[in-house]
Amino acid sequence: LNANLTNYPNPVSEFTTFKYTLESNSIVRLVVYDMVGNRVAVAFEGFQAAGEQKINWSVKNNNGLDIVAGSYIYELQVNPSDAAGPGAFE
């Protein structure tokens, strides 16, 4: 993971975009917390290929409700995996 994790616009109103670079194929999870440490939303969870990545988040909680104005903390969890990849199953 490249340490240049950013989000814009900041401050956020209706949406924000998280941008970062992965050094290898990875399973990624982006979690947003309130200032007390409660999990507010999982903005993204899934496979991403190595390279520059962007996650667009509509600033809603896991129930689809708008998040109230305030300060939040985000955490990007990256688990590199050389065997991971996208797939379709029927």
Side-chain angles (χ1 to χ4, degrees):
L1 173 67
N2 181 318
N4 293 328
L5 172 61
T6 61
N7 77 298
Y8 59 89
N10 192 356
V12 177
S13 60
E14 296 178 14
F15 72 92
T16 192
T17 300
F18 296 90
K19 184 177 177 182
Y20 51 93
T21 302
L22 295 174
E23 295 176 357
S24 63
N25 295 346
S26 301
I27 303 298
V28 174
R29 186 174 191 201
L30 178 62
V31 184
V32 180
Y33 300 93
D34 63 20
M35 295 305 288
V36 181
N38 298 311
R39 185 173 68 192
V40 173
V42 176
F44 179 82
E45 187 169 28
F47 170 82
Q48 290 185 317
E52 184 175 299
Q53 300 296 331
K54 292 181 182 178
I55 295 174
N56 297 312
W57 182 48
S58 62
V59 192
K60 297 188 183 298
N61 67 18
N62 288 337
N63 296 321
L65 302 174
D66 291 335
I67 291 177
V68 298
S71 296
Y72 294 88
I73 299 168
Y74 54 85
E75 175 186 32
L76 183 66
Q77 302 167 353
V78 178
N79 295 309
S81 175
D82 292 332
F89 300 93
E90 295 182 27

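Because only heavy atoms are used, hydrogens play no part in the values below, and waters and symmetry mates are left out as well, while side chains stay in. Positions are given from 1, in the same order as the sequence printed here.
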Cluster link Tyr33 to Val68, ILVMFWY, side chain under 4.5 Å:
no
With no hydrogens and no angle check, is any side-chain donor or acceptor of Thr16 less than 3.5 Å from a backbone partner on Tyr8?
yes
Tightest non-hydrogen contact, residues Ala49 and Asn25, listed as CA-OD1, 3.4 Å
Could you check whether any side-chain N or O of Asn62 sits under 3.5 Å from a backbone N or O of Val42, counting only pairs where one atom can act as donor and the other as acceptor?
yes
Looking at every non-hydrogen atom in both residues, tell me the closest pair between Gln77 and Val31 and how far apart they are.
NE2-CG2, 4.3 Å
Enumerate the salt bridge (charged side-chain N to carboxylate O under 4.0 Å, His left out) contacts for residues 37-49, please, sequence neighbours excluded, ordered by first and then second residue.
Arg29-Glu45
Enumerate the salt bridge (charged side-chain N to carboxylate O under 4.0 Å, His left out) contacts for residues 50-77, please, sequence neighbours excluded, ordered by first and then second residue.
Lys19-Glu52, Lys60-Asp66
Would you name the heavy atoms of Leu22 and Ser26 that are closest together and state the gap between them?
CD1-CB, 4.2 Å
Check the angle between the aromatic planes of Tyr74 and Phe18 and answer parallel, tilted or perpendicular using the 30° and 60° thresholds.
perpendicular
Is the shortest heavy-atom distance from the side chain of Thr21 to the side chain of Asn4 under 4.5 Å?
no
Taking Leu65's backbone N and O only, do any of them form a donor-acceptor pair with Asn63's side chain (distance below 3.5 Å, no angle check)?
no
Distance from Asn38 atom CG to Ile73 atom CD1, nearest 0.5 Å?
10.5 Å
Between Met35 and Ser71, what is the shortest heavy-atom contact and its length?
CG-O, 3.2 Å
Closest contact, heavy atoms only, Pro9 versus Phe15:
CD-O, 3.7 Å
Side chain to side chain contact (heavy atoms under 4.5 Å, CB included) partners for Phe44, two or more places apart:
Val28, Leu30, Gln48, Ile55
